[in-house]
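Working notes for the structure below.
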Amino acid sequence: MPAVSFQNVSKSYAGPRGALRALDTVSFDITQGEFFGLLGPNGAGKTTLISILAGLTRASSGRVTVMGHDVVADYAAARKALGIVPQELVFDPFFSVRETLRIQSGYFGLRHNDTWIDELLHELGLADKAGANMRQLSGGMKRRVLVAQALVHRPPVIVLDEPTAGVDVELRQTLWQFIARLNREGHTVLLTTHYLEEAEALCSRIAMLKLGRVVALDRTAN
């Protein structure tokens with residue numbers, strides 16, 4: 001069973017000059033435990049594909065599964081298997097870092113999760129910010145909290161949507177060391193990026209999207 005499967009996924013939006021096709025019959029599987037890269041320029045359809053995977057957008061046609069669960073028919077189970085780090089800095093300004101992670105745990109029905117939360121805070125360089133309000137954090141620190149939120153329920157599949165766009169070198173290295181460790185421990189990782197060197201260093205296989213179509217899919221070496 002693949003960790004993630006995209007089967008003939010298309011997505012069209014109604015535009016002023018007729019339908020705009022964001023994705024055109026995209027098909028590929030990501031195997032369990034793989035570090036997979038999704039590359040492409042802005043507008044290639046990467047974020048649309050991630051939105052469909054996350055259940056935020058519905059495909060016009062085709063099917064997507066996560067660990068065998070259909071993202072439409074079995075949304076709750078599919079979503080529970082996913083940890084998604086979005087591009088945008090979205091956060092609740094009323095809570096501390098630790099409270100934010102406890103609340104996120106609660107969304108997935110997890111209680112008494114503080115041991116793992118402590119480990120996340122330590123690994124992502126947030127331990128000294130655990131009691132700080134989210135509003136007080138720098139952009140880079142908020143990005144770290146988003147990563148911790150995505151990982152708080154220990155999902156088997158981790159999705160990183162352009163996670164290092166505009167972040168400092170230190171965070172980039174911290175993040176990749178930790179994500180590489182989780183991958184070695186068996187987590188599947190899907191990374192979208194337009195940094196080719198990042199994908200080359202981390203990913204075992206890469207798919208390239210262009211104008212909503214897969215134009216290349218191969219092992220990174222090739």
Side-chain angles (χ1 to χ4, degrees), residues 2-31 34-92 104 107-108 139 142-143 146-147 149-150 153 155-167 188-196 198-199 202-203 205-218:
V4 177
S5 179
F6 296 101
Q7 300 158 29
N8 295 313
V9 177
S10 294
K11 177 66 179 175
S12 298
Y13 294 97
R17 298 176 186 169
L20 173 73
R21 198 156 187 141
L23 294 170
D24 189 358
T25 56
V26 170
S27 293
F28 61 89
D29 287 352
I30 301 171
T31 58
E34 193 169 16
F35 204 129
F36 190 94
L38 187 59
L39 276 165
N42 287 338
K46 301 189 302 292
T47 297
T48 303
L49 201 61
I50 298 302
S51 296
I52 291 169
L53 176 63
L56 300 172
T57 303
R58 229 175 235 206
S60 304
S61 59
R63 183 168 184 251
V64 182
T65 62
V66 183
M67 302 301 286
H69 303 290
D70 187 291
V71 298
V72 177
D74 199 1
Y75 171 76
R79 186 63 189 83
K80 199 166 187 176
L82 279 176
I84 298 179
V85 183
Q87 279 184 37
E88 295 79 28
L89 287 176
V90 280
F91 64 95
D92 196 317
Q104 187 76 11
Y107 289 144
F108 292 98
K142 284 175 186 153
R143 174 78 57 195
L146 285 187
V147 175
Q149 275 186 282
H153 61 294
V157 181
I158 301 164
V159 180
L160 303 151
D161 192 9
E162 307 266 359
T164 58
V167 304
T188 306
V189 182
L190 168 58
L191 165 71
T192 81
T193 183
H194 42 237
Y195 295 123
L196 188 58
E198 207 163 70
L202 295 158
C203 303
R205 274 198 313 151
I206 290 173
M208 290 193 179
L209 273 185
K210 186 178 177 184
L211 299 174
R213 301 193 81 145
V214 176
V215 293
L217 173 60
D218 210 335

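Here, residue 1 is the first one in the sequence, and each next residue gets the next number.
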**OP:** May I ask you to test the P2-T31 pair for a side-chain heavy-atom distance under 4.5 Å?
**Re:** no
Original post:
Is there side-chain contact between R79 and F108, with heavy atoms separated by less than 4.5 Å?
Top reply: yes
Original post:
How close do T25 and S10 get, heavy atom to heavy atom, and via which atoms?
Top reply: N-OG, 2.8 Å
Subject >> Nearest heavy atoms of A150 and H153, plus distance in Å >> reply: O-CE1, 3.4 Å
Original post:
What pair of heavy atoms forms the shortest contact from P156 to A81, and how long is it?
Top reply: CD-O, 3.3 Å
**OP:** For the residue pair L38 and L209, establish whether any side-chain heavy-atom pair is separated by less than 4.5 Å.
**Re:** yes
Subject >> Interatomic spacing from OG1 in T188 to CG in L82 - rounded to 0.5 Å >> reply: 10.0 Å
Subject >> Side-chain donor-acceptor contact under 3.5 Å, S27 with N8 >> reply: yes
**OP:** For residues R205 and D29, report the shortest heavy-atom separation together with the two atoms involved.
**Re:** NH2-O, 2.7 Å
Subject >> Atom pair CD1 (I52) and OG1 (T47), whose distance is rounded to the nearest 0.5 Å >> reply: 11.0 Å
**OP:** Could you list all the ring-ring contact (aromatic ring centres under 6.0 Å, His included) pairs where at least one residue sits in residues 6-30, not counting sequence neighbours?
**Re:** F6-F28, F28-F36
**OP:** Not counting sequence neighbours, list each pair that qualifies as a salt bridge (charged side-chain N to carboxylate O under 4.0 Å, His left out) and has a residue in residues 52-66.
**Re:** R63-D70
Original post:
Quick one: CG on L39 to CG on L196, what's the gap to the nearest 0.5 Å?
Top reply: 6.0 Å
**OP:** Please tell me if the side chains of V159 and I50 come closer than 4.5 Å, counting only heavy atoms from C-beta onward.
**Re:** yes
Original post:
Does some side-chain heavy atom of K46 sit less than 4.5 Å from a side-chain heavy atom of L49?
Top reply: no
**OP:** Could you name each residue pair satisfying salt bridge (charged side-chain N to carboxylate O under 4.0 Å, His left out) that touches residues 8-23, not counting sequence neighbours?
**Re:** R21-D24
Original post:
Can you find a pair of side-chain heavy atoms, one from I206 and one from M208, that are under 4.5 Å apart?
Top reply: yes
Original post:
Should we count NZ of K80 as having more than 12 external heavy atoms under 6.0 Å?
Top reply: no
Subject >> From OG1 (T193) to CG (L191), nearest 0.5 Å >> reply: 5.5 Å
**OP:** May I ask you to test the L53-V157 pair for a side-chain heavy-atom distance under 4.5 Å?
**Re:** no
**OP:** Could you tell me whether the side chain of L190 reaches within less than 4.5 Å of the side chain of I30, counting heavy atoms only?
**Re:** yes
